[in-house]
Peer 1: 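Sharing a structure below in structure tokens format, with a few things to ask.
Proteins get letters first, then strands, A, B, ... in listed order; numbering begins at 1 in each.
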Protein chains: 2
Amino acid sequence: MAYRPTDQIIHKAAWLYYTHGLRQDEVAQRLNISRASVALYLRRAREAGIVNISTSTHLFRDDRLARRAEDAFGLDTVWLTGEDELSATPAAEIPTLAANVFLEMVENGDRVCVAWGRTVYAIADAMNYADREGVTVVEMCGNLGSPYSYRPDQCTMEIARRLNARGLNFYAPLVLSTEKLARELREEPVIREQLDGIGACDLALFTVGTLDTDSHVIKCGALSLDELEKLKAMGAAGVIAGQIITADGRLLDCDYNRRMISADFDAIRAIPRRLMVVQEDEKFEPLLAAIAGRFFTHLVTTSSMAARLVEHHAASQPAPA
Amino acid sequence: MAYRPTDQIIHKAAWLYYTHGLRQDEVAQRLNISRASVALYLRRAREAGIVNISTSTHLFRDDRLARRAEDAFGLDTVWLTGEDELSATPAAEIPTLAANVFLEMVENGDRVCVAWGRTVYAIADAMNYADREGVTVVEMCGNLGSPYSYRPDQCTMEIARRLNARGLNFYAPLVLSTEKLARELREEPVIREQLDGIGACDLALFTVGTLDTDSHVIKCGALSLDELEKLKAMGAAGVIAGQIITADGRLLDCDYNRRMISADFDAIRAIPRRLMVVQEDEKFEPLLAAIAGRFFTHLVTTSSMAARLVEHHAASQPAPA
DNA sequence: CATGTCGATTGACAAAAGTCAATCAGAGCT
DNA sequence: AGCTCTGATTGACTTTTGTCAATCGACATG
């Protein structure tokens, strides 16, 4: 909030250049500094979100397939990246698109809730700096040591930084060793408050996880391969905010879930706008489960995934009126 | 709404250039067009609001004087342009600043209400293109032939165009020749609906007018010099949406006002965010009247005007607690 | 069918912006 | 004071971007 001394001149340079359309040398002259400095300041201004450059994401929504997916699953909006010339590797485009969509969805004063994981981190990384006001970013679930280069709390903090927002971390691990401890921890006032705060959010950003051998929960060591197999036998189909769900989108009744500190599903569904981002083809089944559980209202994914979803939907619900 | 065929490629070029940070020649190569075309498309994208470049207006709010003005008059936010190096002619900076502030205030789905006049037209002219969704722009009052190069309805339409919004004009003149006719016209369903719609707006943009010999109402021929003198003798202090107000911000009880088709003052005050923009030093008295009538919640003006306002306030309300 | 018109497109050149090594200024330390 | 480190600033150079006259192509018209 409080501007550092040099921010004043950066701000002035940005105003003259971007708003008044002066050239860099004119700005330099006006502010009595070298043109090289102006160029530097302008980069700073863009990085700090003093200047916002955003590209409309309409293009990705103006797509037959996206509309059909919206209709099929009753979603507010679907954005798709195709295999066109926009990107060499379509999947890698997802985080960029998601970051832009997310930025368009955040409004001043919003309280937003983010999950964590590889995809969410990639989104944070691809996100532009923006100067929103009064935004708060909270975590959706407890933390976990991570095998990747990031930690869950860094995810939240990075997004908060990009949005010029306040970031609040969860002061709890994701999974505890006993159900009793989890229950007790959930009743701690600090934790209780954080859990209760999730339902009061305006916007959520999250993904659905797989239950493969190289899925997140396994890699983080939260779950052993043995346990995984047992859970799959019990009907585990995907992971939402750390919690295991069944194919019909309900919380799987198992010990693991009971040892968890994470958002209550009703709280998640109480958030009006919920953006789901799915990058990997392997997440087809988990995504179906997430749809069944009505976990999200907005979706960013690949065209091929959307095609599979729509096809599956048509097959399972034959002959509409 | 519906994109013309070439918009697709403009959109793609904008995405690759602004979001992915490719150079123009790389974009050209990727899309199989010449680099010159890319440069052209990018300009179009900026003009059409597919790409938004905006500069934060914080700089103009981070000002002691602005804060004092906010406190003194209970306003939400005040933005000031000073006599610094940002502009050769400080007053000419006002429309630019106001346009940027206004753009920051408009949110998707808003219904905004704009008055008309030289200042509002200058603001429309300085406004960037933006791609808001579901915005409606309505006029605040009836129309009048104008001695300047613009017409009231053009004001509304221009702002609508810049916001990619729907513009609705008032189907009535501002002043009629008899009170009876005005009353009858106000009861016409079309007009009634338009008048009623004003209170349902989310945001308003307007100015306060003077009552000098070269003021708007005179120049437009709505009022003769004789009438003007009489009205001033009756306590006329300024003009809000065509209507004459007294120094304490109330509607002046006169024949002229009764012949008017314009927004009801309570309807105006029912709009949650109301941006007042004042450029000319001569508008000091009218602005005081507008403050007294609590017509606005946000203000863009010059530092010198703000200084006079704050000084006046301090003098009239001595020794606060 | 030739001809005019209008917008889209391009190549070539001029203008503007980006970059980087070198320099400078100040803070902190011995 | 002298030294070192860090970050800001700049001049000189390179790369990228903006512009515009010329050309192309589709369509309408005499």
Side-chain angles (χ1 to χ4, degrees), chain A residues 1-56 58-59 62 84-88 96 126 128-129 161 164, chain B residues 1-56 58-59 62 84-88 96 126 128-129 161 164:
Chain A
M1 299 297 124
Y3 280 68
R4 289 185 304 283
T6 55
D7 279 10
Q8 184 86 347
I9 200 161
I10 292 179
H11 212 134
K12 286 183 180 177
W15 181 259
L16 290 171
Y17 186 78
Y18 286 106
T19 306
H20 279 273
L22 297 195
R23 290 192 316 269
Q24 292 189 358
D25 55 345
E26 295 178 301
V27 175
Q29 203 180 339
R30 201 75 83 80
L31 302 179
N32 273 314
I33 51 178
S34 74
R35 201 191 52 74
S37 293
V38 174
L40 176 65
Y41 291 171
L42 293 178
R43 194 194 10 245
R44 295 260 178 84
R46 286 187 300 263
E47 285 170 356
I50 290 170
V51 169
N52 274 317
I53 302 184
S54 64
T55 315
S56 157
H58 279 246
L59 178 62
D62 277 359
D84 57 11
E85 60 291 324
L86 285 184
S87 175
T96 312
N128 267 335
Y129 290 82
R161 205 166 67 87
N164 190 28
Chain B
M1 300 293 129
Y3 280 71
R4 288 184 304 282
T6 55
D7 279 10
Q8 183 89 345
I9 201 160
I10 292 179
H11 214 134
K12 284 183 180 178
W15 182 258
L16 290 170
Y17 186 79
Y18 285 106
T19 305
H20 279 277
L22 298 193
R23 290 191 316 269
Q24 293 189 357
D25 55 344
E26 295 178 299
V27 175
Q29 204 179 338
R30 202 76 83 80
L31 302 179
N32 275 314
I33 50 178
S34 74
R35 202 191 52 71
S37 294
V38 174
L40 176 65
Y41 292 170
L42 293 178
R43 195 194 13 243
R44 295 256 179 87
R46 287 187 299 265
E47 284 170 356
I50 290 170
V51 169
N52 269 315
I53 303 184
S54 64
T55 315
S56 156
H58 280 245
L59 178 63
D62 279 356
D84 57 12
E85 60 290 330
L86 285 185
S87 175
T96 310
N128 267 335
Y129 290 82
R161 205 166 67 86
N164 190 27

Peer 1: What nucleotide among C:dT10, D:dG11, D:dA8 has an atom nearest to a side-chain atom of B:Ile33?
Peer 2: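 Comparing C:dT10, D:dG11, D:dA8 against the side chain of B:Ile33, the answer is C:dT10.
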Peer 1: Scan nucleotides 17-23 of chain D nucleotide by nucleotide, 5' to 3', and note B when protein non-hydrogen atoms come under 4.0 Å of the base, S if they reach only the sugar-phosphate, - if neither.
Peer 2: BBB----
Peer 1: If you look at every heavy atom in A:Thr19 and B:Thr96, which pair is closest and at what distance?
Peer 2: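 For A:Thr19 and B:Thr96, the tightest heavy-atom pair comes out as CG2-CG2, 3.5 Å.
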Peer 1: Is the B:Trp15 ring parallel, tilted or perpendicular to the B:His20 ring (thresholds 30°, 60°)?
Peer 2: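 Aromatic pair B:Trp15/B:His20 classed perpendicular.
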Peer 1: Does C:dT9 have OP1 or OP2 under 4.0 Å away from a side-chain N or O of B:Tyr41?
Peer 2: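 For C:dT9, OP1/OP2 do have a side-chain N/O of B:Tyr41 under 4.0 Å.
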Peer 1: Would B:Tyr17 and B:Arg23 count as having a side-chain donor-acceptor pair, cut-off 3.5 Å?
Peer 2: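 No, B:Arg23 and B:Tyr17 have no side-chain donor paired with an acceptor closer than 3.5 Å.
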Peer 1: C:dG11 P sits how many Å from B:Gln29 CD, rounded?
Peer 2: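 After rounding, the gap between these two atoms is 14 Å.
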Peer 1: Which pairs, with at least one residue in residues 31-42 of chain B and sequence neighbours excluded, count as a salt bridge (Lys or Arg N to Asp or Glu O under 4.0 Å)?
Peer 2: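 As it turns out, there is no salt bridge (Lys or Arg N to Asp or Glu O under 4.0 Å) pair with a partner in residues 31-42 of chain B once direct neighbours are skipped.
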Peer 1: Do you know which two heavy atoms are closest between B:Asn52 and B:Tyr129, and how far apart they sit?
Peer 2: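 Between these two residues, the closest heavy atoms are OD1-O, 3.2 Å.
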Peer 1: Just by distance, with hydrogens left out, do B:Arg46 and B:Tyr18 show a side-chain donor and acceptor under 3.5 Å apart?
Peer 2: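 Result is yes, a qualifying pair exists.
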Peer 1: Is the phosphate of D:dT10, meaning OP1 or OP2, less than 4.0 Å from a side-chain N or O of A:Ser37?
Peer 2: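 Answer yes for this pair, as a side-chain N or O of A:Ser37 is under 4.0 Å from OP1 or OP2.
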